[in-house]
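The structure appears right after this line, and notes come after that.
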Amino acid sequence: MDLNYLFISLTPSWTSVAMLIGYFLYLATVGSILPGKLVPGATLSDGTRLHYRCNGLLSLLLLVLLLGVGSQMNLVSPTAIADRGLELLSTTFIFSVLVTLMLYLVGLNSRAKSSSLKPHVSGNLIHDWWFGIQLNPEFMGIDLKFFFVRAGMMGWLLINLSVLAKCVIEAKLSQSMILYQLFCGLYILDYFFYEEFMTSTWDIIAERLGFMLGWWLLSNNVELTTAAIIANCLVFLIGYSVFRGANKQKHVFKKDPKAPIWGSPPKVIGGKLLASGYWGIARHCNYLGDLLLASSFSLPCGISSVVPYFYPIYLLILLIWRERRDEARCAEKYKDVWAEYRKLVPYRILPYVY
C-alpha cells in the first residue's frame with residue numbers, strides 16, 4: 001500500500017469527527033430516555049451500589065432502524081463506515097487518548113470519598129493512566145465505564161453491517177463473510193439481550209476489533225470447504241455455550257446462592273465461592289469460552305495469513321495476564337476460602353491442561 005495513500009486515509013476529517021460525536025450523542029440521549037430494566041450493580045466497599053438502565057438492545061434496534069430508513073431515503077450511506085474505516089479508526093484512537101487523559105486529570109484532582117469516585121493514585125503516571133484512577137467515573141450522570149462498553153459493542157455491529165453492505169454492493173459476498181457476520185451478530189445481540197449480566201462482572205469486556213476482520217474478508221476472497229464451515233460452527237457453538245453458560249451461572253448465583261446449577265444444588269466454598277457447573281471445571285472457564293468465540297470470528301478468514309488472528313492472539317495474552325490478576329485479587333479477598341477452592345478446582349482456564 002502506498003504510504004502517502006495510507007497517511008491520507010488515516011488523517012481524521014471533520015466528517016469522521018461529526019460521525020463519532022453524533023454516535024455518542026445518540027447513545028447518551030436514548031440511553032437516558034428509553035425504557036429499560038434498572039439493575040443494581042455490585043455492592044461497593046463503602047456499601048453503595050450503582051444502578052444501570054439496561055436498554056441497550058432497544059437502543060441498538062432503534063439505531064439500526066433509523067439508519068436503515070435513512071439509507072432508503074438516501075440521507076445516509078450504508079457504506080459510510082466501511083468507506084472511512086481507517087479515518088474513523090484514527091479519529092476514535094485520538095478521542096480515546098484524549099478521554100483517558102481527561103479522566104486521569106479529573107481523577108487526580110478529585111476529592112471524592114465514595115468508592116466509585118475516590119482516586120487511587122500509585123504515583124506512576126503511565127500505570128495510573130493505563131489502569132485508571134477512579135472506579136466508576138461519571139459525566140453528566142452517565143457511568144462512563146458502562147457507556148463505553150455499550151458504545152464499543154454497538155459500534156462493532158455497525159462496522160460489520162457497513163462492511164456487509166459494501167460486500168453486497170460490490171458483489172463480493174462470500175460464505176466466509178456470511179459466517180463472520182452471523183457469528184458476530186449473534187454474539188452482539190446476545191450481549192445486549194443479557195446486558196444486565198455485565199453489571200455483575202468486575203472488569204470491562206475486551207475491546208472488539210470488528211473492523212480488522214471485516215476489512216480482511218472484504219479485501220480477500222476466502223472460500224471455505226464444507227468441513228471447515230461445520231468445524232467453524234462447532235467452535236462458535238461450544239465457545240458460546242461455555243461463555244454464556246459460565247457468566248449466567250455466576251450472575252444467577254450472586255442473585256440467589258441457592259439456585260440449582262445443572263439441575264442440582266450448587267456446591268459453595270466458604271459460603272462465598274461457586275464450585276458447581278462451569279465453575280467446578282475451571283476457575284476461569286468463561287475465559288475459555290471467550291477465546292473459542294474469538295477464534296470463531298477469525299476462522300472464516302482462512303489460514304493463509306496470521307493477520308486475521310491478531311484478535312484471538314491478543315485476547316489470549318490479555319486473558320492470561322488478567323487471570324493472574326484475578327488470582328491475586330481473589331487470594332487477597334477470600335484468603336483460606338480461595339486456597340480451598342484452588343484445591344477443589346485445580347485448573348485455571350483449560351480443564352485438565354492449564
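Here the structure is a predicted model, which means the values were calculated and not measured.
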Sequence neighbours excluded, every pair satisfying side chain to side chain donor-acceptor pair (under 3.5 Å) that has a member inside residues 255-270: none
Sub-6.0 Å ring centroid separation between Tyr352 and Tyr347: yes
ring-ring contact (aromatic ring centres under 6.0 Å, His included) partners of Tyr23, counting only residues at least two apart: none
Aromatic plane relationship, Phe243 with Tyr187 - under 30° parallel, 30 to 60° tilted, over 60° perpendicular: tilted
Summary of salt bridge (charged side-chain N to carboxylate O under 4.0 Å, His left out) pairs that have at least one residue in residues 231-246, sequence neighbours excluded: Asp190-Arg244
Qualifying residue for side-chain contact (heavy atoms from CB on, under 4.5 Å) with Ile133, from Leu103, Val121, Val106: Val121
Leu164 side, atom CG; Gln181 side, atom CD - distance, nearest 0.5 Å: 4.5 Å
Connected via hydrophobic side-chain network under 4.5 Å: Leu234 and Leu299: no
Phe183 and Phe236 aromatic centres sub-6.0 Å: yes
Within 6.0 Å of CD1 in Ile303, more than 12 heavy atoms from elsewhere: no
Partners meeting ring-ring contact (aromatic ring centres under 6.0 Å, His included) with Trp14 (sequence neighbours left out): none
Geometric class of the Phe297/Tyr180 ring pair [parallel <30°, tilted 30-60°, perpendicular >60°]: perpendicular
Side-chain heavy atoms of Val99 within contact of Phe148, under 4.5 Å: yes
Pair listing, salt bridge (charged side-chain N to carboxylate O under 4.0 Å, His left out) test, anchored in residues 12-22, at least two apart: none
Partners meeting ring-ring contact (aromatic ring centres under 6.0 Å, His included) with Phe95 (sequence neighbours left out): Phe24
Residues Asn109 and Tyr104: side-chain donor-acceptor under 3.5 angstrom: no
Any Val268 side-chain heavy atom under 4.5 Å of Phe253 side chain: yes
Six-ring centre of Trp279, Arg283 cation under 6.0 angstrom, axis tolerance 45°: no
Stepwise side chain to side chain donor-acceptor pair (under 3.5 Å) test for Glu87 and Thr11: CA-CA 6 Å; Glu87 183 182 310; Thr11 303; over 6 Å; no
